[in-house]
Structures are given as C-alpha cells and as structure tokens.
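The structure appears below as structure tokens.
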Amino acid sequence: MSTPSYLNDLNPQQQAAALHTEGPLLVLAGAGSGKTRVITHRIVHLVHQGIPPHRILAVTFTNKAATEMRERAVALLQAYPPSERSVIDSQPLVSTFHALGVRILREFHQLLQLRKHFTIYDRADSLRAVKQALERHDLNPKEFEPKKILGRISRAKGDAVSPQQLRETAESHLAEVTAQVFTTYEDILQQEQALDFDDLLVKTWQLLRDHESVRTQLQQRWRYVHIDEYQDTNTVQLRIAELLCGEHRNLCVVGDIDQNIYSWRGADIQNVLQFEKLFPGTTTIWLEENYRSTQTIIAASNDIISKNQNRVPKTVFTNNPEGEPISLYPAMTGTDEAVYVAETAGQLIRDGIRPSDIAVLYRTNFQSRALEEAMLHAELPYQLLGTRFFDRSEVKDVLSYLRLALNPDSIADLARIANKPTRGLGKVTVLKLIEGKREEMAPVTTRKVELFEQIISDIRDQLHTHSISETITFIITRSGLEQLYKQEGTEEALSRLENMRELVSFASRFNELDPDVAATTLLETVALQSDQDELTNAEERDAIRLMTVHAAKGLEFPYVFICGLEEGLFPHERLDDRGVDHEEERRLFYVALTRAEKKVYLSYAHLRTIFGSQRVNVPSSFLDDISRDYIEVEGPADGNSSGYETTVYLD
C-alpha cells in the first residue's frame, strides 16, 4: 500500500504515528522531532479516512501552541482536500486543556448550578479569596502565607483531592489549616459564581464523572482525542482524558519525559511511564530525529539528560551540520555576566542577526534585572516575557466592569471598581452592599450606589447590542476612567489611557462574533493567557527575548544564552519543603539547551547578589556532565585575562 501524498514529507516513524488510527497510541518524541507535525498530519489522515473533522479533538497547553496546530491542520486540509466535500464542512477542535474546560462548563453550566457567564479568577482574585478565608478563621496571614496556602490548594485540586480528603489525610498543622481554608475558599468561589484556574479542570472532570449523559454525549462528539505535551498532564487531566475516550479508546498522546519540568505545578511523570498499563493494547512509537539543532547542541543535551534515571531511554540524533561549539563564559559578578550577554548579543546584531532570533534564558525571575540594565545601557531592543499586558491595573479595571455586567455576583469585581474612579463608595459601603444591608446606608450613599448600578446596567445594555470593541470603548467613557486619566494629564496617566485603548484594539478581533459570545470569548481569552501568548501578541517587535527557561518551553531560537549556571541557582535550591529535584532541574537544563538551533552561550558568575547578600558560587554541576569536546571557554569580555576563568569546571 502506497503512502498517501499528504504524508510524504514525514519520516518513517512520523508516518507510522499518523497512520495509526484506532486504539491508544503513545508517541515518545524528543525535542525538535516534529511533534506538532505528527498530530496535524494524523488529523488530516483521519479526515481522509472519512472521519468528520468535528469528531476530532486535539488538546495542548498554550494558546500559542493551539493556534499553530489549528492553522497547520486547516492549511493541510486545504492543500490536500478529501474527495468527499461533506467531510470538510467542519473543523477539528484544537484547544488548550483549560479552554476546553471552559467550553464544556459553559455548555453544561446548569448541572453545576453555575451561571453561564461565571467569572474566572486570576491569581490576584484567588489570593484575595484566600486572605478573606484566613480572616474568617482568625488566622494570621503572616504566620500562614496566603501564596503558600494557595499553592497547596492548587496542588490538591490538580491531584483531584477535595477539602474533606485533605482534612482526613492531614499530617501537620499547616495541612489542617490548608484544609480549613480550602473549604472556606470554595464557599467564596460558590458565592461569587466564580471558578479559579484549577476549577476549569476539576469541575470538568467532576461533570464527566457524575453525569453519564454528558459523558456519553462528549464521547460521541469527539471520537478521536489527541493530547500534546502529555508529560505535563496532572491527575485531573489524565482522568478527563480517560472519561472523554470511554470505550472507543482512540487516544493519541505525544510527549517527552525528558521535558517534564512542571511537577511543582502538579504534572505527573507517571502519566507517561504508566500509559501502556493504563491503556492496554497501546502502540508506542519513538521519534528521535531532531530537526532543529546542530549536532553539537544535540550531543551536549544528550550528555545532560542521559544522567537521569527516571526516564524512558532514547537517544536523540540529528542530520544537521555539526555547528559551532558551545561558548562558556565565567564572569566575576552577575553584573559582569549581564554585560557579557548584552555585548555578545549586540555583536550578533551588528553581524546581521535579527534581535528576535536571540533569546536570553534564566532560572529565576530576579536575574532579569541585571540583564535588563545591561540591555538598556547597550541600547539593545529587548522584550521581557512575564510582564503581562492584562495584569496592568487599568486594563483589569475595564475588564472588571465587563465581568460585573455579565456576572452581578462577582464580588471581586464589585470590590475592585465600585470606587474606581472615586465616587464616594468606600470600603464600608461596599461591604454593606455585598452583605445586602442597603437599609443601613444613608440616603446620599444610596443615591451614589444607584448611580454606580446605573453605569453597570448601561454597560449590560450596551454589550448585548454592540460589537465588543464598541462596548470596551463605552466602558472606558461611561465608567469615568477616561476622564480621570485625562484630567490627571501625567505621562503615567496618559500611558494608562493608551493601554485601555490598546484593549479596544485587542477586543476588535472578536467583533465578528455575536455580542454576548464576543464578551465571553474576550474574557476567556484574557483569563487563559500565558506568558508565551504575551510573546505572540508582540511578535511584530524585533527584539531580544528575555524569559525564564520554563516560559521558553515549546519555543525555539537560532541563538540562546543560558545564564546563572551556578550550584544553588541552576540547579535551583528551592526554599520550600520539597528541596531540590535534581532530575527535574536537569530536565529543565535539557529544555534550555534544546531551544537553540545554531549556537548556545552558557555563563555563570563567581559572585552574585541575591536578596541583598553577595554569594560566592561554585559552577553548576551540570557543566561537568557535558563533554569538554563541545565547550569553548571564553575569557573576560574586554579580552584581558584576570585569572578567574581558570576556576572553571574543566579538569
């Protein structure tokens, strides 16, 4: 049987994965081995086999990845249309896990006693609710840090653990307090008709588990399920996958154990290791050829990852050229390291390399400060990933007006904007409003409340009848925010006004949708934005990318700098009760190395200031794992030998 023409550009292993259509399929794919190509070509093959596209579901982890996969699948279907026209009258659903959860929960919201337009909490909303829960139990937030409590609640949800189960298994006072706060936190969410980020998965799983009619309907709707980056799934995501597949068991997962770097967020490496046991009759295919990086980069990354024990053995290879050696720069201080990075990047740009082809990666966010200063001093264009547009105060204010118009129970939004701009509604008044104690308000206060409620009512009327960009424009004006910032007239105030107008531009991409649908879609898109989506929103900027290694996962750049390779920093010495997971830290370094196509620059500093104290560092133990054949040690940036470079890890 000849290979279909639409699979001709795949290698034999990729073809085997695309041609396998029935039953569970595990694709173990190395970095840069064409994972997305396999899924998109498999979707096209299914359609050519007569499967209607709307029966096909593909799930991944970022909007950027989902958009790319969707566009590539549609483009392939257009390039290789099936003979039956009726087959391509629909499209496959390509979504992130969380967006899929939102879609399902909105459709079946009544079964969960939720408003269709429920609010999706961001991290700030969740922290506020945790603090509120601590207050209700007379617990001191200085003793029980809200961020830590929220992290424990999030982990419990990802592990499918309820507040009751957490209480029953508590082995410490902190665990008992967490369970107590967890219960009250859930009450607050229910009261505000809100779900947090974890609930988008937990509630979806509970809906599928508890309602056979929903489960059957969705199993029939999506007969073929694909999951990308499967190594990043947690317990709840695995259970959702099991319930969606049901008896047809047409589940194709693609993943790489060596890129499992989110255990702190609940990702369970066992989901890959035990897949064949969980889904008997699984076909397993290895993708080991890397199409991205040079032989030198691949050899060095293999040196690193081969030291891990908890993995499925595989050896990534490439037919690409050998490429340049990896540069290693031993700096005296963190500032010296940043200057080296900026000067080297500047030279690359002068040699004709586009700034956006250069990425600077680091283990923790605090490292960005020195790098930013060096970039500014060298007058280099750069973009810092992690500064989210939608986290800006003025943008969140506008979105809160929209959310409150859609969900009157959203206390978080009411509290945020009732007195923004100032309209004489202080905290006491807002509290009375929340508690339904209007009778205790003075007549003048009641009038102010009515004026505010009229604003919300006007916005609600507007959003039902106008495009979403027109509604956002209306909110900016009707709320009084525009007048506020115009009157202030400062550079910062005018910048805030520009950001709100940028929100109008962003909203306009949803103008073709029904007004109600557009409002909901805009809020969902904002709530589900990731750091990488911020990069997508600014891709027209030709600038050097600065980001953590975690944020870089799934991306690729011709030239990559990896900074701060010091013991205690990378591998990182965590300050919580989990200690250092050396295998996960090594996987993280492996991910960093394999982002590069042409050239890698490594650096570390003998002295680095952390939390105001100067620390003397030992080079990262990871550097010992790379053969010296692939490393080229560089001297100080000014070319004058100071001698400190002789302390490098080399024998």
Side-chain angles (χ1 to χ4, degrees), residues 115 117-136 141 146-147 150 185 188-197 388-437 441 445 448-460 462-463 471-485 488 492-493 496-497 499-500 502-504 506-507 519-520 522-529:
R115 284 180 179 272
H117 299 298
F118 57 80
T119 296
I120 302 173
Y121 268 13
D122 62 16
R123 183 168 173 77
D125 295 326
S126 293
L127 276 173
R128 175 196 57 80
V130 167
K131 290 174 185 175
Q132 192 176 337
L134 285 166
E135 287 174 7
R136 289 188 186 180
K147 285 184 180 179
L150 178 59
Y185 174 75
I188 293 169
L189 284 165
Q190 180 65 34
Q191 181 186 358
E192 298 193 14
Q193 285 286 288
L195 300 180
D196 66 16
F197 211 58
R388 298 181 65 223
F389 172 77
F390 297 108
D391 282 342
R392 290 180 168 91
S393 175
E394 62 277 10
V395 174
K396 292 187 75 170
D397 290 341
V398 175
L399 293 172
S400 278
Y401 276 98
L402 182 61
R403 291 204 301 185
L404 188 60
L406 284 168
N407 177 11
D409 292 318
S410 182
I411 294 171
D413 292 307
L414 172 62
R416 180 179 185 90
I417 58 172
N419 205 38
K420 191 176 288 187
T422 303
R423 50 175 66 92
L425 300 178
K427 290 183 179 180
V428 174
T429 301
V430 172
L431 187 60
K432 287 179 180 178
L433 200 56
I434 291 170
E435 295 175 347
K437 298 178 179 178
M441 296 180 189
T445 303
K448 290 174 182 176
V449 168
E450 290 171 348
L451 290 172
F452 170 69
E453 289 176 334
Q454 186 60 52
I455 292 172
I456 302 302
S457 177
D458 291 347
I459 292 170
R460 190 176 297 117
Q462 174 84 12
L463 70 85
T471 297
I472 298 297
T473 302
F474 180 80
I475 290 172
I476 293 168
T477 304
R478 183 71 179 89
S479 65
L481 290 169
E482 182 177 49
Q483 184 180 4
L484 169 70
Y485 293 125
E488 284 186 16
E492 181 184 355
R496 290 182 186 277
L497 193 54
N499 286 334
M500 291 192 294
E502 178 60 29
L503 180 61
V504 175
F506 180 84
T520 303
L522 169 63
L523 291 172
E524 284 175 15
T525 303
V526 170
L528 303 179
Q529 285 271 311

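The model shown is predicted, which means the values in this text are computed figures rather than measured ones.
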Problem set entry | More than 12 heavy atoms of other groups within 6.0 Å of Gln483 CD |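 Atom CD in Gln483 is not packed in, count stays at 12 or less.
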
Is there a side-chain contact between [X] and [Y], using heavy atoms and a 4.5 Å cut-off?
{"X": "Ile188", "Y": "Tyr121", "value": "yes"}
{"X": "Thr119", "Y": "Gln193", "value": "no"}
{"X": "Thr429", "Y": "Leu433", "value": "no"}
{"X": "Ser479", "Y": "Met500", "value": "no"}
{"X": "Leu522", "Y": "Val526", "value": "yes"}
{"X": "Leu406", "Y": "Leu463", "value": "yes"}

Smallest separation among heavy atoms of [X] and [Y], with atom names:
{"X": "Phe390", "Y": "Leu399", "value": "CD2-CD1, 4.4 Å"}
{"X": "Ala418", "Y": "Val430", "value": "CB-CG2, 3.7 Å"}
{"X": "Arg460", "Y": "Leu404", "value": "NH2-O, 3.9 Å"}
{"X": "Ile455", "Y": "Tyr401", "value": "CG2-CE2, 4.3 Å"}
{"X": "Pro146", "Y": "Leu134", "value": "CG-CD1, 3.9 Å"}
{"X": "Asn419", "Y": "Gly424", "value": "OD1-N, 3.1 Å"}

Exercise. Checking Glu488 side chain against Ala493 main chain: does a donor-acceptor pair fall under 3.5 Å?
Worked result: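 Not a single qualifying donor-acceptor pair exists.
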
For this session: Determine yes or no for a side-chain-to-main-chain donor-acceptor pair under 3.5 angstrom, with Asp196 supplying the side chain and Asp122 the backbone.
Result: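 Checked: no pair found.
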
When you compare the side chains of [X] and [Y], does any donor N or O come within less than 3.5 Å of an acceptor on the partner?
{"X": "Gln462", "Y": "Thr471", "result": "no"}
{"X": "Tyr485", "Y": "Glu394", "result": "no"}
{"X": "Ser410", "Y": "Asn407", "result": "no"}

Once you round to the nearest 0.5 Å, how far does [atom1] of [X] lie from [atom2] of [Y]?
{"X": "Thr445", "Y": "Lys432", "atom1": "OG1", "atom2": "NZ", "value": "7.5 Å"}
{"X": "Ile475", "Y": "Asp458", "atom1": "CD1", "atom2": "CG", "value": "11.5 Å"}
{"X": "Asp409", "Y": "Ile434", "atom1": "CG", "atom2": "CD1", "value": "11.5 Å"}
{"X": "Leu451", "Y": "Ile456", "atom1": "CG", "atom2": "CD1", "value": "12.0 Å"}
{"X": "Arg128", "Y": "Glu192", "atom1": "CZ", "atom2": "CD", "value": "4.5 Å"}
{"X": "Lys396", "Y": "Asp413", "atom1": "NZ", "atom2": "CG", "value": "9.5 Å"}

For this session: Could you go through the salt bridge (Lys or Arg N to Asp or Glu O under 4.0 Å) check for Arg392 and Glu502 one step at a time?
Result: CA-CA 12 Å; Arg392 290 180 168 91; Glu502 178 60 29; over 6 Å; no

For this session: Show your working on side-chain contact (heavy atoms from CB on, under 4.5 Å) between Glu450 and Ser457 and close with a plain yes or no.
Result: CA-CA 10 Å; Glu450 290 171 348; Ser457 177; over 6 Å; no

Exercise. Where do Arg496 and Asp397 land on the salt bridge (Lys or Arg N to Asp or Glu O under 4.0 Å) test, with the steps shown first?
Worked result: CA-CA 11 Å; Arg496 290 182 186 277; Asp397 290 341; over 6 Å; no

Problem set entry | Pair Ile472-Phe506, side-chain contact (heavy atoms from CB on, under 4.5 Å): steps then yes or no | CA-CA 10 Å; Ile472 298 297; Phe506 180 84; over 6 Å; no

For this session: Evaluate the side-chain contact (heavy atoms from CB on, under 4.5 Å) criterion for residues Leu402 and Val398: first the C-alpha distance (whole Å), next the side-chain angles of each, then the deciding distance (0.1 Å), finally the verdict.
Result: CA-CA 7 Å; Leu402 182 61; Val398 175; over 6 Å; no

For this session: Evaluate side-chain contact (heavy atoms from CB on, under 4.5 Å) for Leu523 paired with His117, printing each intermediate quantity in order.
Result: CA-CA 10 Å; Leu523 291 172; His117 299 298; over 6 Å; no

